[in-house]
Amino acid sequence: MSTTDSSDRRIDRVAGTALPLRGNNIDTDRIIPARFLKAITFDGLGEHAFEDDRQSMRNHPFANPAYARASILVVNENFGSGSSREHAPQALKRRGIDACVGESFSEIFLGNATTIGLACATAAAPDVEFLMAAAERDPETPMVLSVDAQSIQAAGRTLALDMPVGVRESLLTGQWDATGLLLDDFDAVRRVAAGLPYAAGF
């Protein structure tokens, strides 16, 4: 679980077990099939993450009870490619995933993930393979990811991670939660709105 609560949105440490998901270019259509985008809220999306893959592929990790409580998703290249749907990171977050470590991420997926506090970091391919293999050998292998240190500890090793500067700072300062920041000082929002002629009566 991540070290955030209602009064502190800063995200640094994510600790838990990992779910290894092998394959390059896993797109948003696979993460959450289009038919689940009709709902007006994101509630319930977590239970449908990778639904079609789980039905069509034998032993899919998201269908494996051993990974049911995993909070760190480990992936390969170009994860989250395809459409720009924000439902993809929402489905992962609501499935219990608090961080993703991969070889690379789609830029749009990375942006959508950051805006909901889903920390995404890249690692060298051999290090991703090490994390996947560790989780496959023992799904209960503990892992600790640090946004500040840009590292992940697992199976007796500390591996280097990388994040864009803006993403890292947004998570560490809590500025990823734009709505929360506005609500924290809503009187200021009202003052600005009061000076806008088109917002009269706001």
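Sequential numbering from 1 along the given sequence is applied to the chain's residues. The shown structure was predicted, so the numbers you read here are calculated from the model rather than taken from an experiment.
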| task | Show your working on side-chain contact (heavy atoms from CB on, under 4.5 Å) between F42 and K93 and close with a plain yes or no. | result | CA-CA 10 Å; F42 298 119; K93 186 77 172 175; over 6 Å; no

| said: Could you walk me through whether I11 and W176 satisfy the side-chain contact (heavy atoms from CB on, under 4.5 Å) test, starting with their C-alpha distance in whole Å, then the side-chain angles of each, then the deciding distance to 0.1 Å, before giving a yes or no? | reply: CA-CA 9 Å; I11 297 173; W176 60 270; 3.6 Å; yes

| field | Derivation of the side-chain contact (heavy atoms from CB on, under 4.5 Å) call for H87 and I31 | value | CA-CA 9 Å; H87 300 69; I31 297 171; over 6 Å; no

| request: In sequence, state the C-alpha distance, the side-chain angles, and the governing distance for D29 and R85, and then conclude on salt bridge (charged side-chain N to carboxylate O under 4.0 Å, His left out). | output: CA-CA 9 Å; D29 294 319; R85 64 185 61 166; 2.8 Å; yes

| task | Report the C-alpha distance between L172 and D12 in whole Å, list the side-chain angles of each, state the deciding distance to 0.1 Å, and finish with yes or no for side-chain contact (heavy atoms from CB on, under 4.5 Å). | result | CA-CA 6 Å; L172 289 174; D12 177 13; 3.9 Å; yes

| request: Please report the C-alpha distance between F50 and H60 in whole Å, then the side-chain angles of each, then the deciding distance to 0.1 Å, and finally whether the ring-ring contact (aromatic ring centres under 6.0 Å, His included) criterion is met. | output: CA-CA 9 Å; F50 289 97; H60 192 276; 5.4 Å; yes

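Cluster annotation: V167 is connected to I72 through the hydrophobic network of ILVMFWY side chains, with a link wherever side-chain heavy atoms come within less than 4.5 Å. L73 and I116 end up in the same hydrophobic cluster when Ile, Leu, Val, Met, Phe, Trp and Tyr side chains are linked at under 4.5 Å.
Judged purely by atom type and a 3.5 angstrom limit, N24 uses its side chain to pair as donor or acceptor with the backbone of E77. In this structure, S146 contributes its side chain and S151 its backbone to no donor-acceptor pair below 3.5 Å. Between the side chain of Q150 and the main chain of M163, a donor-acceptor pair closer than 3.5 Å is present. At distances below 3.5 Å, not a single donor-acceptor pair connects side-chain atoms of T158 with backbone N or O atoms of Q153. Not a single donor-acceptor pair under 3.5 Å links the side chain of S170 to the backbone N or O of G166. Remark: side-chain polar atoms of R9 are not paired, donor with acceptor, to backbone N or O of Q175 under 3.5 angstrom.
Here the side chains of R35 and D52 are in contact, with some heavy-atom distance below 4.5 Å. In this structure, T17 and Y67 have side chains that are not in contact, with every pair of non-hydrogen atoms separated by 4.5 Å or more. Considering only heavy atoms from C-beta on, L110 comes within 4.5 Å of P164 through its side chain. Side-chain contact between N64 and N59: absent, with no pair of heavy atoms (C-beta onward) separated by less than 4.5 Å.
Rounding to the nearest 0.5 Å gives a distance of 8.0 Å between OG of S104 and CG of N25. In this structure, R95 CZ and S71 OG are separated by 10.5 Å, a value rounded to the nearest 0.5 Å. To the nearest 0.5 Å, the span separating CD1 on I32 from CD on E86 amounts to 12.5 Å. Between L145 atom CG and D148 atom CG the span is 11.0 Å, to the nearest 0.5 Å. Here the CG-OG distance, from D27 to S81, works out to 5.0 Å after rounding to the nearest 0.5 Å. Between atom CZ of residue R94 and atom CG of residue L118 there is a gap of 12.0 Å, rounded to the nearest 0.5 Å.
Judged as a ring-ring contact (aromatic ring centres under 6.0 Å, His included), the pairs with a partner in residues 96-117 (not counting sequence neighbours) are, in order, F79-F109.
Here the closest non-hydrogen pair linking I26 and R30 is CG1-NH1, 3.8 Å. I108 and S84 make their closest contact through CG2-CB, 3.6 Å (heavy atoms, listed as atom of the first residue, atom of the second, distance). In this structure, L161 and A123 approach most closely via the heavy-atom pair CD2-CB, 3.8 Å. Contact detail for P20 and P61: the closest heavy-atom pair is O-CG, 3.2 Å. Considering every non-hydrogen atom in both A18 and A135, the closest pair reads O-CB, 3.8 Å. The nearest pair of heavy atoms linking L21 to M132 is O-CE, 3.4 Å.
Listed by chain and residue number, E51 satisfy the salt bridge (charged side-chain N to carboxylate O under 4.0 Å, His left out) test with R54 (two or more places apart in sequence, or in another chain). Not counting sequence neighbours, R58 has no partner by the side chain to side chain contact (heavy atoms under 4.5 Å, CB included) test.
Exactly one residue among V14, L159, V101, L131 makes a side chain to side chain contact (heavy atoms under 4.5 Å, CB included) with M143. That residue is L131.
Other residues, nucleotides and ligands place more than 12 heavy atoms under 6.0 Å from the CZ atom of R22.
The cationic atom of R157 (NZ for Lys, CZ for Arg) lies less than 6.0 Å from the six-membered ring centre of F130 and within 45° of the ring axis.
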